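Sequence lines set the chain letters: A, B, ... in the order given, protein chains first and strands last, and positions in each chain run from 1. Only a predicted model underlies this, so the values are computations on that prediction, with no experimental measurement involved.
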Amino acid sequence: MSFFGFGQSADIDIVLNDAETRKKAEHRSEDGRKDKYFLFYDGETVSGKVNVTLKYPGKRLEHNGIKIEFIGQIEMYYDRGNHHEFVSLVKDLARPGELTQSQTFDFEFTHVEKPYESYTGQNVKLRYFLRATVGRRLNDISKELDLVVHTLSTYPELNSSIKMEVGIEDCLHIEFEYNKSKYHLKDVIVGKIYFLLVRIKIKHMEIDIIKRETTGTGPNVYHENDTIAKYEIMDGAPVRGESIPIRLFLAGYELTPTMRDINKKFSVRYYLNLVLIDEEERRYFKQQEITLWRKGDIVRKSMSHQAAIASQRFEGFSAMPSAGKKRFYFHFET
Amino acid sequence: MAETIADTRRLYTKPQNLNDAYGPPSNFLEIDVSNPETVGVGRGRYTTYEVRLKTNLPIFKLKESSVRRRYSDFEWLRAELERESKVVVPPLPGKALFRQLPFRGDDGIFDDSFIEERRQGLEQFLNKVAGHPLAQNERCLHMFLQDESVDKNYTPSKIRQA
């Protein structure tokens with residue numbers, strides 16, 4: 001555009017066709033704020049309109065083409081420049097030319113594959129968005145609309161309990177049991193801790209939920225641990241033969257599904273950490289991984305056929321070791 | 001696909017043996033540091049403390065014991081544990097070098113309030129250490145707590161329970 005006087009510019013607006021009916025989901029952004037975004041599932045069509053509104057009516061807007069893209073990308077915080085796009089679709093809305101007045105363009109990305117769930121973490125972000133661009137010689141005008149994608153699973157066929165004997169030789173032996181190895185995000189962890197030998201002075205016991213975000217590969221692997229929950233299950237000193245029940249409702253915590261090796265870039269895994277603390281503040285702990293998955297809501301008749309299939313798609317999990325007693329040693333922290 | 005209410009009933013547990021429930025707990029361990037006594041004369045004086053132990057832990061050979069130890073014995077124990085075990089050994093009460101200088105207004109290291117402060121610190125130190133599962137495997141700890149005297153020429157070793 002011309003350097004002298006007023007150049008023409010435009011505002012872009014992206015509006016989804018089903019904006020009135022489509023559900024929104026809350027998603028925490030990088031700066032910690034919680035915002036609502038339109039919620040999509042794998043396989044659903046993304047369609048809408050791009051409104052290009054000229055800033056100065058009457059003036060022409062010359063452009064190199066108008067397009068809209070649907071992008072799914074992974075962004076590593078330590079390498080911001082490089083975005084890894086795992087989904088990249090483009091629709092050309094207008095060939096290079098000029099706009100004499102504000103105009104609206106229709107677009108449709110049919111049955112778009114959205115293989116991963118949206119995720120904003122400590123060191124990595126996976127996001128989906130629409131980006132409409134009016135190309136110009138010197139500076140493009142673009143607008144982005146962020147979307148949120150959830151991946152759904154059904155009840156796993158195999159969901160064995162976790163049962164293990166743990167201890168420190170001649171000092172402390174316990175058997176812990178959790179009723180499942182795979183829990184959905186609104187599930188309840190039901191379990192028990194059975195004391196077989198107690199020769200130390202225990203003050204209390206808690207169970208923590210730890211989220212481990214792993215980024216990078218090979219020698220540059222980085223784990224970021226975050227304790228999502230600390231839940232005291234016992235206050236006082238137990239003796240041999242006592243059983244302490246566990247009932248931990250997951251719905252109260254901010255959890256995501258377990259994400260394993262997403263596009264070979266990152267993983268998000270969850271662990272239950274059983275911690276016993278003795279009179280001298282020494283901590284004895286045993287971590288155990290659990291798999292978290294997202295359960296679909298009740299399928300309503302008004303949902304499209306594709307969305308119905310998407311909400312019932314089964315995600316294959318590798319089987320956890322079958323229930324059986326194994327002896328492991330406590331990790332020990334002074 | 002109806003919404004099911006999660007089953008939150010407790011898992012089955014074995015009923016507890018009444019002897020276990022009401023009998024003495026298996027973790028009884030009491031250590032006292034008391035009865036400070038100053039022995040010797042003149043510049044060779046030093047203070048000893050009674051270290052009394054009562055326990056039902058099988059790792060201790062004697063269920064009751066009483067020995068006398070001086071501050072340097074505690075220092076020896078701390079150094080041995082730091083070297084031989086992976087335990088993060090808690091600190092001892094201060095060495096009080098200043099108190100050993102001449103021309104003090106008080107009794108220096110034989111001052112009653114100082115001895116009491118030190119006694120408390122030594123008791124805390126021992127309770128913290130003796131209850132540590134890894135420290136309990138060290139020969140030096142058992143020798144310190146239950147042998148008549150501390151043999152500083154001993155061979156460090158680990159105690160394995162019978």
Side-chain angles (χ1 to χ4, degrees), chain A residues 154-155 161 163 167-173 175-180 183-184 186-202 237-251 278-282 284 295-300 308 311-312 330 332-334, chain B residues 1-31 54-60 63 81-82 85-91 123-138 142 158-162:
Chain A
T154 52
Y155 279 96
S161 63
K163 192 170 185 173
I168 295 180
E169 203 71 46
D170 302 321
C171 286
L172 175 67
H173 290 174
E175 186 191 78
F176 69 85
E177 186 179 343
Y178 306 129
N179 63 332
K180 302 181 198 173
Y183 292 93
H184 62 81
K186 308 265 177 273
D187 215 331
V188 188
I189 298 177
V190 175
K192 72 176 205 284
I193 310 295
Y194 180 71
F195 287 89
L196 294 156
L197 179 72
V198 189
R199 293 215 179 110
I200 56 171
K201 297 178 187 175
I202 298 174
V239 292
R240 173 171 58 208
E242 269 189 271
S243 259
I244 302 299
I246 298 171
R247 189 185 287 137
L248 181 52
F249 291 85
L250 294 177
D278 72 14
E279 297 263 324
E280 301 291 345
E281 302 299 319
R282 285 180 285 257
Y284 309 72
K295 190 159 71 110
D297 291 331
I298 300 169
V299 179
R300 278 190 248 117
S311 71
Q312 285 163 43
F330 262 118
F332 188 68
E333 211 176 82
T334 326
Chain B
M1 201 165 54
E3 199 70 57
T4 46
I5 304 205
D7 184 358
T8 59
R9 289 173 300 176
R10 290 190 181 185
L11 299 181
Y12 169 74
T13 61
K14 264 197 306 233
Q16 189 182 21
N17 179 315
L18 287 181
N19 281 330
D20 289 337
Y22 294 102
S26 319
N27 60 3
F28 177 62
L29 174 64
E30 252 177 37
I31 296 182
K54 289 201 182 106
T55 187
N56 66 359
L57 298 183
I59 194 131
F60 289 101
K63 299 308 160 214
L81 286 174
E82 270 210 327
S85 77
K86 298 202 187 85
V87 176
V88 175
V89 191
E123 193 174 76
Q124 272 173 34
F125 169 82
L126 275 188
N127 274 294
K128 199 154 187 144
V129 158
H132 196 302
L134 294 181
Q136 282 172 3
N137 290 334
E138 295 296 329
H142 292 268
K158 304 271 187 268
I159 309 262
R160 284 281 7 262
Q161 206 158 283

Quick check for you: to the nearest 0.5 Å, what is the distance between [X] atom [atom1] and [Y] atom [atom2]?
X	Y	atom1	atom2	answer
B:Lys128	A:Asp278	NZ	CG	9.0 Å
B:Leu57	A:Cys171	CG	SG	8.0 Å
A:Ile244	B:Thr13	CD1	OG1	10.0 Å
A:Glu280	B:Gln124	CD	CD	8.5 Å
B:Leu11	A:Ser243	CG	OG	9.0 Å

For residues 190-201 of chain A, dump all side-chain donor-acceptor pairs below 3.5 Å to protein atoms at least two apart in sequence or in another chain.
residue, atom, partner, partner atom, Å
A:Lys192, NZ, A:Glu177, OE1, 3.1
A:Lys192, NZ, B:Tyr12, O, 3.4
A:Arg199, NH1, A:Asp170, O, 3.0
A:Lys201, NZ, B:Leu29, O, 2.5

Quiz item: Do the side chain of B:Arg10 and the main chain of A:Pro245 share a donor and acceptor less than 3.5 angstrom apart?
Solution: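 No.
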Practice problem: Could you tell me which portion of A:Arg247 (side chain, backbone, both or neither) has an atom closer than 4.5 angstrom to a non-hydrogen atom of chain B? | Solution: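 Only the side chain of A:Arg247 comes within 4.5 Å of chain B.
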Quiz item: How about B:Lys14: does its NZ atom have over 12 heavy atoms from other parts shown lying under 6.0 Å from it?
Solution: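 Atom NZ in B:Lys14 is not packed in, count stays at 12 or less.
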Quiz prompt | Sub-4.5 Å side-chain heavy-atom contact between B:Gln16 and A:Glu242 | solution =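 B:Gln16 vs A:Glu242: side chains touch.
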Exercise. May I ask you to name which of B:Pro58, B:Pro25, B:Ala21, B:Gly23 has the most heavy-atom pairs under 4.5 Å with chain A?
Key: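 Of B:Pro58, B:Pro25, B:Ala21, B:Gly23, B:Pro58 has the most heavy-atom pairs under 4.5 Å with chain A.
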Practice problem: Measure distances from B:Asn127 to the heavy atoms of chain A and classify the residue's part below 4.5 Å as side chain, backbone, both or neither. | Solution: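 For B:Asn127, heavy atoms of backbone and side chain both lie under 4.5 Å from chain A.
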